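Written out below as structure tokens is the structure these notes cover.
Both backbone and side-chain heavy atoms feed into the values below; hydrogens, waters and symmetry mates do not. The structure presented is a predicted model; accordingly, all values stated were derived computationally and were not measured. Just follow the structure's listing: the first ligand is 1, and inside any ligand the first atom is 1.
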Amino acid sequence: MTKACVDNIKVLIIPKIKDPRGNLAVIEKDIVPFKIKRVYYLFDIPSGSYRGGHAHKELSQFVIALSGSFEVVLKDREKTKRVILNSPTKGLLITPGIWRELENFSSGAVCLVVASDIYKEEDYIRDFKEFVDYNK
Ligand code: TYD
């Protein structure tokens with residue numbers, strides 16, 4: 001894993017095609033710097049729910065609040081950063097080696113995740129101490 005830093009984690013604007021019939025937003029290769037291999041989403045999230053609580057060794061993810069809002073807590077070995085996602089035209093690009101926690105979901109929130117690879121449990125680090133050690 002390359003040395004990861006929360007300062008490099010950015011919110012990117014997703015281009016929008018405005019239309020009186022309803023807006024349309026597109027995520028394609030100009031937006032995310034990886035080949036998209038998987039898309040999944042969290043929905044029907046009970047209030048007070050907490051998701052994430054892990055890091056990935058290789059996986060990059062682009063996280064969007066398709067509906068409603070939620071907060072993403074990002075951690076590297078030293079720093080913590082909190083990002084609020086509340087727009088379907090903004091996405092958080094989380095590069096490998098960053099611990100993430102998702103919380104404070106609004107009612108009706110839908111969290112879309114666009115990922116650089118298929119699901120691989122072996123890419124997860126689910127223990128925070130292991131994450132800190134892994135990054136040394
Ligand atoms: P996990 O990634 O831990 O969820 P979150 O970070 O949102 O809290 O995944 C929860 C469960 O779902 C876990 O048992 C693995 C499984 N899962 C898949 O089978 N495929 C997937 O693409 C994802 C993201 C999870």
Item checked: 4.5 Å side-chain heavy-atom contact, Ile9 and Arg100 ->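 SC-SC contact between Ile9 and Arg100 ruled out.
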
Next item on the list: Could you name the protein residues that come within less than 4.0 Å of ligand 1, counting only heavy atoms, and order them by chain and residue number?
Entry: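 Only Arg38, Tyr40, Leu42, Arg51, Gly52, His54, Tyr119, Tyr124, Arg126 have heavy atoms that fall under 4.0 Å of ligand 1, ordered by chain and number.
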
Checklist line | Sequence neighbours excluded, every pair satisfying ring-ring contact (aromatic ring centres under 6.0 Å, His included) that has a member inside residues 94-114 | finding: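 Residue pairs with at least one partner in residues 94-114: Phe70-Phe105, Trp99-Phe128, Trp99-Phe131.
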
Next item on the list: Hey, could you give me the NZ/CG distance between Lys18 and Asn23, rounded to the nearest 0.5 Å?
Entry: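 Separation between the atoms: 6.5 Å.
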
Notebook entry, point to check: If you measure from CD on Glu71 to CG on Leu102, what distance do you get to the nearest 0.5 Å?
Noted result: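 If I round to the nearest 0.5 Å, the distance is 10.0 Å.
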
Notebook entry, point to check: Is there a chain of hydrophobic side chains (I, L, V, M, F, W, Y, each step under 4.5 Å between heavy atoms) that links Ile14 to Val114?
Noted result: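 Yes, Ile14 connects to Val114 through the hydrophobic network.
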
Item checked: Ile125: which of His56, Lys57, His54 passes side-chain contact (heavy atoms from CB on, under 4.5 Å) ->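 Answer to the side-chain contact (heavy atoms from CB on, under 4.5 Å) test with Ile125 among His56, Lys57, His54: Lys57.
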
